There are 4 protein chains.
Amino acid sequence: MDTALELFAENGYHSTSISKIAQKAGISKGLTYNYFESKTDILNEIMDQGFNEIYDNLDINHDGILSEDEFIYFIKQNFKLIRDNMQHWKLFFSLMLQPKVSAAFAQKYEEKVGPILNLFFGFVQSSGSKNPESDFMAISSMLEGAFLYCVAAPDMFPLEKLEEAVIQSCFKILKG
Amino acid sequence: MDTALELFAENGYHSTSISKIAQKAGISKGLTYNYFESKTDILNEIMDQGFNEIYDNLDINHDGILSEDEFIYFIKQNFKLIRDNMQHWKLFFSLMLQPKVSAAFAQKYEEKVGPILNLFFGFVQSSGSKNPESDFMAISSMLEGAFLYCVAAPDMFPLEKLEEAVIQSCFKILKG
Amino acid sequence: MDTALELFAENGYHSTSISKIAQKAGISKGLTYNYFESKTDILNEIMDQGFNEIYDNLDINHDGILSEDEFIYFIKQNFKLIRDNMQHWKLFFSLMLQPKVSAAFAQKYEEKVGPILNLFFGFVQSSGSKNPESDFMAISSMLEGAFLYCVAAPDMFPLEKLEEAVIQSCFKILKG
Amino acid sequence: MDTALELFAENGYHSTSISKIAQKAGISKGLTYNYFESKTDILNEIMDQGFNEIYDNLDINHDGILSEDEFIYFIKQNFKLIRDNMQHWKLFFSLMLQPKVSAAFAQKYEEKVGPILNLFFGFVQSSGSKNPESDFMAISSMLEGAFLYCVAAPDMFPLEKLEEAVIQSCFKILKG
DNA sequence: GATGAATGAGCGTTCATTCAT
DNA sequence: TATGAATGAACGCTCATTCAT
């Protein structure tokens, strides 16, 4: 699966053949089908793995409330997770743009990301924003965009500075 | 080409076969090769078309300076262009994440987008920002993220409100 | 037809497309089919042209008898014809080896070449050979081989010397 | 490979499709590519096989000198090899006439055949010929032509008589 | 558990041929 | 007479998948 993820992220799902995965993983092509039902299945399991890894490490607490420090920690952790799981994210972003590749993706994404967005929206509301819906959109966009830069053009901005800029701008938006 | 763009955007470049394009366009597979040299050629021509369409309509003026009104107009125009060329943008985002698909993309992208970013950075600098580099990153990310939402999850946020939120937040960041 | 011959001889019948022929001849692909019924038809007409050109120039006299001088002249003329119609010969040799390409070839070849061989055999018989059948085979082979060298490896032997060697050896065989 | 050789020799390289080879061999088209990398690869391996088979059986001794008996044996062996590997020879002759089919052919041919021709020329020189260059050309042509008759028109001359005629004529030429 | 030979559908592409103009 | 848009079958080749071992 690690091998598959690597190749999917690097070359794309369709350009990666089972042969190449098996070869790089040092096993036979046939054995792949003892572990996975199909190529799509590999993708699905990678997605599950990725979602879990990200979600497990993001879920700060379950009281459903983020303090300001937790919000900052949340964003930093998110940047860290991207750096540590670049390939998963790269794959996720590309799947997001081609929903027909995996019908399962949209559903799983909503399941996992929905609660996070709610937690997130709650923080925006409780932070004194005058227009929470608007600020939530702006901040979500900024984060999404920053993550996209991390993944697709990591050389464009220095990641630590990008992280810092995003956090500060979040508060400018909220307090603004 | 319109048919090809539609399918590329919807299903991705690799998942779209020449057969499907020809079939959907109502012509024979062979005829495709009277118009295009190869599948890659189709992609390249679509990219050129898209870049030109977007770039031609974005280029506000050539004095290299954006006033505040022009900046706002610039962003609004950008959102409009996304709505009007959703498929091109969808394709572009997906190519951005799979650079191996088309070596030509990265180069063309840089040629077209580079000057815009410079124009853009100039505005941030001249707008009284205390930390132009940082604000530029935040604003670029926000725009990129907003565009990604438009393209990949257009139902998530109402696009007009997203647009409004982004513009306002830009100024919060700059003045903040 | 000249264009087609050139391309057939250079690249082979199957590697030469109607498109290339038409393009090189400066006409449209469709027009080709006003002159020829099919690609095979082009080949057949080229073959006819070739056979006629060669045969017309070879037929020394019709009394059916070759004198020694005529025999020498005959061979020299043959070498000359090869040099002047290299492409026809190249094509002929290649067709000889792939009889299925053109069912017509074998028949036409026999029609044209048969009488020549008879004329030829007559000379061997009348030249004092002790074993005409045997000498005829040897001389025919030598000529055929020399022609093949001319066509397929013209740089291997200097053609004039090859010609001289062949003629002399013919007489050595006959008189030997 | 045997199937491929058969079809290549019979119909020519370009007229023989992978489908036909696979079908005649009783396997699927895809399986072909487990054994060979490409159609060209099939041709190359057939050529190697052919060259080796012929060369291995031709190399009389390595002292680089042919006695008269060895020379006769050499020619007889050559005729035998043609009879036994008719298809290889047929393929080789056709490749000789369409050098663009396989760039590898010319090179391999030279490697294998060059030394033989040298050995051969050495015999002509040491045999008392008054004009070795000339006689070498004549004899080479005669052999080449006889081989071509064997391969392209085996019904034209009885092969044993052709063989005998060629050998005798060689000596007539040399002693001439 | 593990292999890799085998398949068959599909790919991008070419090309001889047709036909409305 | 001349064009070139259009077709459809075939090409060389790839690959997800199966299965006997």
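Given the structure is predicted, the values throughout are model-derived calculations rather than measurements.
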How close or far is atom C1' of E/dT17 from atom NZ of C/K20, stated in whole angstroms? 17 Å
Rounded distance (Å) that lies between atom C1' of F/dT17 and atom CG of A/D41: 13 Å
Nearest whole angstrom, please: distance from the P of E/dT14 to the NE2 of C/H14. 18 Å
Contact class for B/L31 vs. all strands (heavy atom < 4.0 Å): base, sugar-phosphate, or nothing? base
Select base, sugar-phosphate, or nothing to describe what D/S28 touches, counting heavy atoms under 4.0 Å on all strands. base
Between D/G26 and C/K29, which has a closest nucleotide on DNA chain E that is more 5'? D/G26
More than 12 heavy atoms from other groups under 6.0 Å of CD on B/E53: yes
Just checking, is any N or O donor in the side chain of B/E111 or B/Q107 under 3.5 Å from an acceptor N or O on the other one? yes
Send over the distance from C/L7 CG to E/dC15 P, rounded to a whole Å. 12 Å
What stems involve DNA chain F, if each pair must be Watson-Crick or G-U and both of its distances must be under 3.5 Å, with 3 or more such pairs in a row? E:2-21 with F:2-21
Within 45° of the six-membered ring axis of A/Y33 and under 6.0 Å from that ring's centre, is NZ or CZ of A/K39 located there? no
Within the supplied structure, the quantity of interest is the number of heavy atoms (other residues, nucleotides, ligands) at a distance under 6.0 Å from D/D41 CG; does it exceed 12? yes
With the side chain counted from C-beta on, respond yes when B/F147 and B/F92 share a heavy-atom pair under 4.5 Å apart, and no when they do not. no
Do C/I27 and C/I21 come within less than 4.5 Å of each other through their side chains, counting heavy atoms only? no
Within a 6.0 Å radius of atom CG on D/D48, are there more than 12 heavy atoms belonging to other residues, nucleotides or ligands? yes
Rounding to a whole Å, what distance do you find between C/I18:CD1 and F/dA9:P? 19 Å
Kindly point out which of E/dA16, F/dT3, F/dG12 is positioned nearest to the side chain of C/S17? E/dA16
Counting the atoms with a prime plus P, OP1 and OP2 as sugar-phosphate, which does B/T16 contact under 4.0 Å by heavy atoms, base, sugar-phosphate, or nothing? sugar-phosphate
Without decimals, in angstroms, what is the distance between A/Q23 CD and E/dA2 P? 18 Å
Starting at atom CG of D/L43, determine the distance to atom C1' of F/dG12, rounded to an integer number of angstrom. 14 Å
Roughly, in whole Å, what's the span from CD1 in B/I42 to P in E/dC11? 13 Å
Give, ordered by number, those residues of residues 32-39 of chain C having at least one heavy-atom distance below 4.0 Å to an atom of DNA chain F; if nothing qualifies, reply none. C/N34, C/Y35
Strictly under 6.0 Å, is that where the ring centroids of B/Y55 and B/F51 end up? no
Hey, are B/K20 and B/N11 close enough side-chain-wise for a donor-acceptor pair under 3.5 Å? no
